[in-house]
2 protein chains.
Amino acid sequence: MTTEVDGFGPRRTLRPSAKVLPEQARAHNRSLVLQTLYRQGALSRADLARETGLTRVTVGDLVAELLDESLAIELGTRTDGNRPGKPATLLDLHRDGHRIIGLDLGDTDVFRGAVLDLDGTILHRHDVDARTLTGDAATRAVHELAAALLALADRPVLGIGVGSPGVVDLAGTVLSAPNRGWRDEPLQRDLHAAFGVPVIVANDANAAVLAEFGFGGASRDLMLVMVGYGVGAGLLLDGTPLFGPRSAAGEIGHVVVGTDGGDACACGKHGCLETWLAVPRLHARLAAGEPRDEVLRQTGERLGIALAPVVGALDLSEVVLSGPAELLEGPLAQATVDTLRQRTMEQFHGELTVRMTALGADIVMRGSAVMVLSARLGVS
Amino acid sequence: MTTEVDGFGPRRTLRPSAKVLPEQARAHNRSLVLQTLYRQGALSRADLARETGLTRVTVGDLVAELLDESLAIELGTRTDGNRPGKPATLLDLHRDGHRIIGLDLGDTDVFRGAVLDLDGTILHRHDVDARTLTGDAATRAVHELAAALLALADRPVLGIGVGSPGVVDLAGTVLSAPNRGWRDEPLQRDLHAAFGVPVIVANDANAAVLAEFGFGGASRDLMLVMVGYGVGAGLLLDGTPLFGPRSAAGEIGHVVVGTDGGDACACGKHGCLETWLAVPRLHARLAAGEPRDEVLRQTGERLGIALAPVVGALDLSEVVLSGPAELLEGPLAQATVDTLRQRTMEQFHGELTVRMTALGADIVMRGSAVMVLSARLGVS
DNA sequence: TTTGTTCGTAAGGTCTACTAACAAACATGA
DNA sequence: TCATGTTTGTTAGTAGACCTTACGAACAAA
């Protein structure tokens, strides 16, 4: 909250779109308590009251509700620190009381899945072979994977999060995923119908950027570039993922880079970012004997050229790369940040960083877990 | 509201940041009524209830409050249409009951200002000479302009909106405006202190994009490029203006365009967008006898090259230009849209448009009025 | 033992929006 | 003409959410 110094309250968003009932206000405050508990761990009711600004009475009421649903548990009385007064009863999320299923459909060879706890720790893994799978066969494989993971979960499942390649709308329908031959595939609806568990499906890069925000210690404004068979990106602006009016935000793989030509792309254009950056292309160039460091430096430069207008327009200070570390880390990332610094306003990006994700190959599955946490608990 | 088909409600944002009290929920619903009235004009209480989803009772209560504050008025009973039942009492915003002051500090020669009504119609204008004004002298000129406009307002003033060049933070402090020699200039605070009226100060391009959204019939996702002495942009994403973590979103004037060099820029780099697009540069090239259409086509192409990654990453379908129409309209805008189509995914931008604003030179002042409407009434 | 502090809860009040019911004012059709 | 049905706006009462106030329990320190 900003202080009232000029006759205005804190600047608000422009769109009051729907009515707000008291019930929804309570749900909001409940999420606030849950989120505080999620991030700070063992706290008493009084701590929560101080942290949230609600009164002890209200917090006590909300906590009772959470205890009822076994979303929270009491840990016992606080022992550390000889403080006066009645000792506090510590609370925490019931972190071991529920499970989350996370799916990553972005790989060309396998559909990967995991059972996670509320902290995003992976407890069990399961993959299914997905080579050459398209259409209904691919959909069936996803259902089989989900079923196998649900069988592995030994606690109530909070939900299933799915990171899918392609363009995914807000209802979790895969509007278009050429590699899998999906068009208007209602994955979220069908998985929910099949398993009766809340399901949330989103683009894999969008899931990944949420993982980086939730578990990777990233800032509230962030661009995550996923490099694999293709190139995609997820954008987080002020802590909120950007989807775009046609759900196609982050689709930068087929933006033409530079004004000096480039290789032909499957899309029909020349010099798309994917013709420079996709992993198969890089492997081909390296296999052809081109000098490794020079190839990586050139590639990083191209990425920087493509990202510079985006970084400038969005005022970003953090770009994270996800994909094969042996290619992206080092010269490539360095060339990217150098290029970005050369091509945007220096004074605004003293702190501009380009780095690899610390979450490795699990980033999409863990991001899927964040989606479930966010949707179910309002936690992030 | 999406329907509940998959166990999740409508997708929510990620951050419950502060507690919500019943009082704030009511303020939200009040804004909802106000916004409905603002956009749809003469409506009865029953109409408002149907439109907002609130009950007639609640709407009646909220309307009574608005009538008390003379923000709304009763127009009398509905006469048109022989319908059964008790005739409705029509309501409207008291559109002639208040005034808004809008300021545009973006021109190099003058500070421009206007008195507007709630519909954004300009009732009175007043300018002050601003050539060579910097620092405190510039600040004084702004205060004089505001005072003159307040004297012209014959109704209570809802607030003063200011569109300033440079980087402006959320508190309305101009962090940096080189042309005026402003650094950390607390314009919003000082204007409020001087006149006792709510004041809101933001970057001029951000104000402009709000005008285009509020009065220009633009969509919820929009980039507005202002071309003048420099080049700046305002971004609207899902109806919400983007400010950026350092309040520098939209600062694209010094992004390098292309990979084939370019003229030297005042910032020290070569080939910045401003070296191609700024009005003085264009006038210089035309005065030097270069062929007009070719110059404009080249310039539009450069703008397209710079915007392509942004349009792709943000999934934009609408780009609006503001500035001298004789330069921007026609070949330049056409070359921009052609270039954008050539450099981004075709399938996603069948509807991609690049056009001039219909609001002309008043766009920033009218955008400033939108900022006041938004902040004071929750209307947009 | 006394005093002061902290925690959690109980009781009661206020605010918000809801449901139910009704009078007023109209059109329509018997 | 008059009964009937419809629509509007208001009154009265109810349920929910959070608040303030008050209190007992459990502790440390004097």
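No hydrogens, no waters, no symmetry mates; every other heavy atom, side chains included, goes into these values. The model shown is predicted, which means the values in this text are computed figures rather than measured ones. Below, read A as the first sequence line, B as the second, and so on, with proteins coming before strands; counting in each chain starts at 1.
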Checklist entry - Do NZ/NE/NH1/NH2 and the carboxylate oxygens of E318(A) and R220(A) come within less than 4.0 Å? => result no
Checklist entry - Is any NZ, NE, NH1 or NH2 atom of the basic residue among E51(A) and K19(B) found under 4.0 Å from an Asp or Glu carboxylate oxygen of the other? => result no
Item to check | Sorted by number, the residues of residues 61-70 of chain A with heavy-atom contact under 4.0 Å to DNA chain C | outcome: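 DNA chain C contact set from residues 61-70 of chain A: none.
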Partner set under side-chain hydrogen bond (donor to acceptor under 3.5 Å, both in side chains) for [X], not counting sequence neighbours:
| X | value |
| --- | --- |
| S44(A) | D47(A) |
| T77(B) | none |
| D92(B) | R95(B) |
| E65(A) | R26(A), R30(A) |

Starting at [atom1] of [X] and ending at [atom2] of [N], how long is that distance when rounded to a whole Å?
| X | N | atom1 | atom2 | result |
| --- | --- | --- | --- | --- |
| Q24(B) | dA17(C) | CD | C1' | 17 Å |
| D47(B) | dG9(D) | CG | C1' | 12 Å |
| L43(B) | dT7(D) | CG | P | 17 Å |

Item to check | Non-neighbouring partners of D154(B) that pass salt bridge (Lys or Arg N to Asp or Glu O under 4.0 Å), sequence neighbours left out | outcome: R99(B)
Between the protein and nucleotides 4-6 of chain C, which nitrogen or oxygen pairs are less than 3.5 angstrom apart?
residue : atom : partner : partner atom : Å
dT5(C)  : O2   : G85(A)  : N            : 3.2
dT6(C)  : O2   : K86(A)  : N            : 2.8

Item to check | Toward the 5' end of DNA chain D, by each residue's nearest nucleotide, R30(A) or E74(B) | outcome: E74(B)
Checklist entry - Taking only residues two or more places apart in sequence, or in another chain, which ones meet A208(B) in a side chain to side chain contact (heavy atoms under 4.5 Å, CB included)? => result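 Checked A208(B) against side chain to side chain contact (heavy atoms under 4.5 Å, CB included); matches are L224(B), M226(B), I363(B), V364(B).
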Quick one: which of [options] gets closest to the side chain of [X]?
| X | options | value |
| --- | --- | --- |
| N29(B) | dG9(D), dA17(C), dC18(C) | dA17(C) |
| T55(A) | dC19(D), dC7(C), dT19(C) | dC19(D) |
| L21(A) | dA17(C), dA20(C), dG9(D) | dA17(C) |
| R26(A) | dA17(D), dT9(C), dT8(D) | dA17(D) |
| V57(A) | dA11(C), dT16(C), dT19(C) | dA11(C) |

Give a yes/no answer on whether the side chain of [X] brings an N or O atom under 4.0 Å of OP1 or OP2 in [N].
| X | N | answer |
| --- | --- | --- |
| R56(B) | dT7(D) | no |
| T89(B) | dG9(D) | yes |
| R78(B) | dC26(C) | no |
| T77(B) | dA25(C) | no |
| S44(B) | dG9(D) | yes |

Mind listing the side-chain donor-acceptor pairs of residues 209-217 of chain A below 3.5 Å, one per line with the distance, residues two or more places apart or on another chain?
residue : atom : partner : partner atom : Å
E212(A) : OE1  : T357(A) : OG1          : 2.6
E212(A) : OE2  : R355(A) : NH1          : 2.9
E212(A) : OE2  : R355(A) : NH2          : 3.1

Next on the checklist: Assuming nearest nucleotide by heavy-atom distance, tell me which of R45(A) and L54(B) is located more 5' along DNA chain C.
Outcome noted: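 Nearer the 5' end of the strand: R45(A).
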Checklist entry - Mind checking whether V162(B) and Q188(B) have side chains closer than 4.5 Å, heavy atoms only? => result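 They are not in side-chain contact.
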